[in-house]
Participant: 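I am attaching a structure below and will ask some questions about it afterwards.
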Amino acid sequence: MAIVLAVPTCLLLALTGLGVADRAHDWSAARATESQVGILLQEQDLVRELQRERGLTNGLLSGAEQYRDDVRGQRARTDTARTSLRAALSKESGDLPGGAAAALRQAQLPLVDLIATRTAVDAGRADRTATLRFYTRAVTALIDAEGAGAPDGDRRIARGVQALQALARATEAVALERGSLNGVFAAQRFRSGEYLDFTDVRATRVAALGQFRQLADSAEKSSLDQAFGTAAARRVTGYEAKAEAGADGSSLHVDATRWWADMTTLVDALHGVQKQVGDDVRARADQVGGAATRELVGFLALGGLILAVASALALFSARSITRPLGALADEADAVAGTRLPDVVKYIQGADPDTPLPTEPEAAEVPATAREITRLVAALRNVERTAVGLAAEQAVLRRNSTESLASLGRRNQALLSRQLGLITTLESQELDPNALAELFELDHLATRMRRNAESLLVLAGEEPPARRWPGTVTVTEVVQSAVSEVEQYQRVAVTDIEPCRVRGHCVAELSHLLAELVENALMFSPPQQPVAVYGWRDGGEYCLAVVDRGIGMTAQRMAQANALLSGQGGSLLAAPTRFLGHHVVGALATRLGAHVELRATEGSGVTAYVALPTRLVQQPDASTTAAAT
């Protein structure tokens with residue numbers, strides 16, 4: 001169901017994602033436009049100050065010394081505008097589109113020579129034409145940079161930015177005309193080539209204004225008309241007519257100061273129109289950004305709604321299927337975790353003549369589709385078969401255990417009679433050679449009795465009582481264990497600290513030690529002895545069986561220790577070569593002792609046996625004092 005619902009959901013989410021991406025693009029473009037227009041307005045402030053400095057400097061170089069103080073003040077304003085632009089670029093460069101930030105920084109490179117140019121002007125070494133061209137190149141570079149990284153997205157925003165750039169070029173033409181004619185009027189005539197520059201500037205202004213009128217709206221056109229309709233602008237037209245009359249190099253009698261003031265008024269009015277256009281573009285960008293934000297939120301909400309509806313449908317559909325399947329899973333868990341173990345436990349503890357349960361209890365499963373009903377019936381068939389198999393296995397295991405126990409008891413009875421007969425023969429035999437053979441036969445029968453007792457231990461039966469009254473020394477227990485192994489000559493009982501153990505545990509402790517000693521003898525070289533040590537450890541008593549044999553891997557030793565602790569799994573699943581570990585683990589559990597294998601330093605394995613306090617007789621004060 002999840003897959004079926006996922007396909008249309010993914011398609012709807014893909015369409016929603018396209019809408020989100022489109023709205024996010026519009027929002028990003030609007031944000032970038034706002035940042036770009038703000039930077040452009042600050043850049044045009046710098047252009048305005050450079051244009052003023054250019055005009056005043058041109059007049060100063062033409063001989064109008066009254067401009068010198070104005071030039072100094074204007075330079076300070078130019079530097080302030082330049083610093084402001086740099087700070088704005090550092091702050092907003094990440095939000096500018098495309099390569100606009102890089103282009104604006106590149107446009108400021110011509111201003112590197114600004115200080116040198118000013119120094120040359122102050123020293124009287126500057127050429128008026130060259131200085132005018134320097135300022136013009138710097139201003140033109142800044143204006144050209146405005147076209148880099150043009151914003152995309154909303155068409156009105158793009159037209160507004162283009163209109164702003166066209167108006168900037170027209171304003172530069174007016175400012176350039178102001179600066180160039182300021183020098184001409186100060187010198188009272190055109191020099192060679194200056195009239196052609198004047199006509200070229202006027203043509204650039206007319207073209208730029210025509211482009212602006214094509215891009216601007218009615219309000220912006222009206223503002224432009226107002227800028228050119230002032231009294232100052234009309235006087236500028238008269239000055240331009242007088243300048244045209246001096247094309248032949250004749251003398252021009254125009255007050256340069258009045259020309260500068262009227263042209264500055266016109267340039268300031270054009271800058272006002274630029275700010276109006278920039279504010280309009282930013283307002284439009286803010287509207288587009290707000291609309292894009294609202295639509296983006298709407299698309300995200302739609303996507304969330306689609307996911308919620310799809311998830312609810314998937315959950316409803318899944319629950320209609322998983323509810324009966326969950327009941328079936330609970331039923332299967334109950335079978336595996338409770339019913340089958342209970343049946344096996346009941347069979348193992350029941351009387352052999354008791355009939356075995358084969359029909360499982362039917363559990364209630366919610367009625368649902370035909371397929372689920374068939375699955376319920378199949379599960380019950382599986383449970384019925386599993387219960388039958390478990391019953392058969394339980395009977396087989398019980399019969400196997402009883403067979404082992406019966407065989408062990410029979411062997412033990414026969415071996416006890418055999419040992420009694422051998423003891424009688426030993427007491428009557430006088431021939432040393434025959435007596436030695438009887439001793440060997442006695443030793444062999446003792447080992448066979450231990451094997452019979454191992455069968456009873458593996459079957460979980462209590463062996464016939466072989467108890468000693470009172471207490472027995474540990475040395476006697478170790479010697480009894482050594483007497484039940486084949487190569488007892490190789491066993492060295494080297495250092496046994498005196499101690500006595502309770503008589504009721506002597507037989508099982510001797511059996512446990514015999515299994516460990518025989519295992520050590522089997523897996524060590526024939527010429528190497530096996531040592532047995534014993535010492536007190538607080539209230540407990542510890543025994544160690546040390547061999548110098550081939551040793552064991554870490555994994556194999558971990559498995560063996562699991563068997564010795566009684567956690568090694570089922571006896572019927574264990575390999576026959578590990579039955580001795582099962583015997584030791586069962587005896588250790590009965591005694592409450594702890595048995596563990598560890599690696600012997602150098603090579604081999606050491607088996608540690610820790611006897612609990614309840615099996616060990618504690619030394620009294622007199623014994624302790626005598627020992628010290």
Side-chain angles (χ1 to χ4, degrees), residues 40-86 107-108 110-111 113-122 126 128-143 145-146 167-187 197-198 201-202 204-205 208 227-228 230 232-233 235-236 239-240 254-275 278:
L40 292 181
L41 292 176
Q42 289 200 337
E43 181 195 24
Q44 289 175 1
D45 289 339
L46 176 59
V47 168
R48 178 184 180 184
E49 302 302 334
L50 283 172
Q51 289 168 344
R52 287 183 177 180
E53 183 176 342
R54 175 181 60 188
L56 292 172
T57 301
N58 193 38
L60 179 63
L61 292 177
S62 299
E65 287 295 328
Q66 66 270 21
Y67 288 140
R68 187 169 296 277
D69 292 337
D70 294 336
V71 167
R72 291 193 183 96
Q74 183 57 43
R75 288 175 179 176
R77 289 189 291 271
T78 301
D79 293 339
T80 301
R82 186 179 179 188
T83 302
S84 299
L85 178 60
R86 287 177 177 175
Q108 297 184 60
L111 294 178
D113 297 331
L114 182 60
I115 296 177
T117 301
R118 289 172 175 176
T119 302
V121 170
D122 293 340
R128 181 161 65 91
T129 303
T131 303
L132 183 64
R133 289 176 180 173
F134 165 75
Y135 280 103
T136 302
R137 283 197 304 271
V139 172
T140 303
L142 289 172
I143 293 176
E146 295 179 3
L167 186 58
R169 288 191 293 270
T171 304
E172 162 58 10
V174 174
L176 181 59
E177 180 183 352
R178 177 186 61 180
S180 61
L181 288 185
N182 192 38
V184 171
F185 290 150
D197 293 338
F198 164 67
V201 169
R202 291 189 64 186
T204 301
R205 182 185 70 180
F228 279 97
T230 62
R235 286 194 296 271
V236 165
Y239 299 148
E240 290 175 344
V254 176
D255 187 357
T257 304
R258 294 185 60 187
W259 160 258
W260 175 263
D262 291 337
M263 281 296 284
T264 299
T265 301
L266 177 59
V267 171
D268 291 343
L270 292 177
H271 274 289
V273 178
Q274 284 181 309
K275 290 185 179 295

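Computed from heavy atoms alone, side chains included, the values below leave out hydrogens, waters and symmetry copies.
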Participant: So, Trp259 side chain and Phe185 main chain: donor-acceptor pair closer than 3.5 Å or not?
Facilitator: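 No: the side chain of Trp259 does not pair with the backbone of Phe185.
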Participant: Between Arg137 and Asp113, is the closest basic N to carboxylate O distance under 4.0 Å?
Facilitator: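 No.
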Participant: Does this structure show an ion pair linking Arg72 with Asp69, if we count only N-O contacts that are shorter than 4.0 Å?
Facilitator: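 Result for this pair is yes, salt bridge flagged.
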Participant: Which heavy atom of Ala256 sits nearest to which heavy atom of Ala186, and what is that distance?
Facilitator: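 Smallest interatomic distance, heavy atoms only, reads CB-N, 4.1 Å.
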Participant: Using the rule side-chain contact (heavy atoms from CB on, under 4.5 Å), only one of Thr204, Val201, Val236, Leu266 pairs with Val174; which is it?
Facilitator: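 Checked Thr204, Val201, Val236, Leu266 against Val174; only one passes side-chain contact (heavy atoms from CB on, under 4.5 Å): Leu266.
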Participant: Determine, stepwise, if the pair Arg68 / Asp122 fulfils side-chain contact (heavy atoms from CB on, under 4.5 Å).
Facilitator: CA-CA 9 Å; Arg68 187 169 296 277; Asp122 293 340; 4.3 Å; yes
Participant: Could you check whether Arg118 pairs with Asp79 (Lys NZ or Arg NE/NH1/NH2 to Asp/Glu carboxylate O, under 4.0 Å)?
Facilitator: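 Yes, Arg118 and Asp79 are salt-bridged.
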Participant: Just how far is it from atom OG1 of Thr129 to atom CZ of Phe134, taken to the nearest 0.5 Å?
Facilitator: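 The OG1 atom of Thr129 sits 15.0 Å away from the CZ atom of Phe134.
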Participant: CG of Asp268 to CE of Met263: how many Å apart, nearest 0.5 Å?
Facilitator: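 So the CG of Asp268 and the CE of Met263 are separated by 11.0 Å.
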Participant: Could you pull out the closest heavy-atom pair between Phe198 and Glu240, with the gap in Å?
Facilitator: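 Smallest heavy-atom distance, with atoms named: CZ-O, 4.3 Å.
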Participant: What distance separates Asp45 CG from Gln274 CD, expressed to the nearest 0.5 Å?
Facilitator: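 Asp45 CG to Gln274 CD: 9.0 Å, rounded to 0.5 Å.
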Participant: As an exercise, state the distance from CG of Leu50 to CZ of Arg82, rounded to the nearest 0.5 Å.
Facilitator: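 Taking CG in Leu50 and CZ in Arg82, the distance rounds to 8.5 Å.
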Participant: Which heavy-atom pair separates Asp70 from Leu56 by the least distance, and what is that distance?
Facilitator: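 Minimum heavy-atom separation between Asp70 and Leu56: O-CD1, 3.8 Å.
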Participant: For Thr78 versus Leu46, what's the shortest heavy-atom pair and its separation?
Facilitator: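 Where Thr78 meets Leu46 most closely, the heavy atoms are O-CD1, 3.7 Å.
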Participant: Can you see which heavy atom on Val254 is nearest to which on Tyr239, and at what distance?
Facilitator: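 Smallest interatomic distance, heavy atoms only, reads CG1-CD2, 4.0 Å.
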Participant: When you check the side-chain N and O atoms of Thr264 and Arg52, is any donor under 3.5 Å from an acceptor?
Facilitator: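 Thr264 vs Arg52: no donor-acceptor pair found between side chains.
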Participant: Could you give the distance from CG (Leu60) to CD (Glu53), rounded to the nearest 0.5 Å?
Facilitator: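 Going from CG on Leu60 over to CD on Glu53, the span is 11.0 Å.
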Participant: Go through Arg169 and Arg205 one step at a time and tell me if the side-chain contact (heavy atoms from CB on, under 4.5 Å) criterion holds.
Facilitator: CA-CA 7 Å; Arg169 288 191 293 270; Arg205 182 185 70 180; over 6 Å; no
Participant: Less than 4.5 Å apart, any side-chain heavy atom of Tyr135 and any of Leu176?
Facilitator: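 When only atoms from C-beta onward are counted, Leu176 and Tyr135 do not touch, as no gap falls below 4.5 Å.
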Participant: Are the charged groups of Arg54 and Glu172 less than 4.0 angstrom apart, N to O?
Facilitator: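 Here Arg54 pairs with Glu172 in a salt bridge, since their nearest N and O are under 4.0 Å apart.
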Participant: Return the CD to CZ distance between Glu177 and Arg202, rounded to the nearest 0.5 Å.
Facilitator: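 With rounding to 0.5 Å, CD (Glu177) is 6.0 Å from CZ (Arg202).
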Participant: Give a yes or no answer on whether the side chain of Gln74 reaches the backbone of Glu49 with a donor-acceptor pair at less than 3.5 Å.
Facilitator: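 Yes, because the side chain of Gln74 sits within donor-acceptor range (under 3.5 Å) of the backbone of Glu49.
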Participant: Please report the shortest heavy-atom distance between Ala227 and Ala269, naming the atom on each side.
Facilitator: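 Heavy-atom minimum between the residues: CB-CB, 3.7 Å.
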Participant: Are any non-hydrogen side-chain atoms of Val121 and Arg75 less than 4.5 angstrom apart?
Facilitator: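 Side-chain contact under 4.5 Å: yes.
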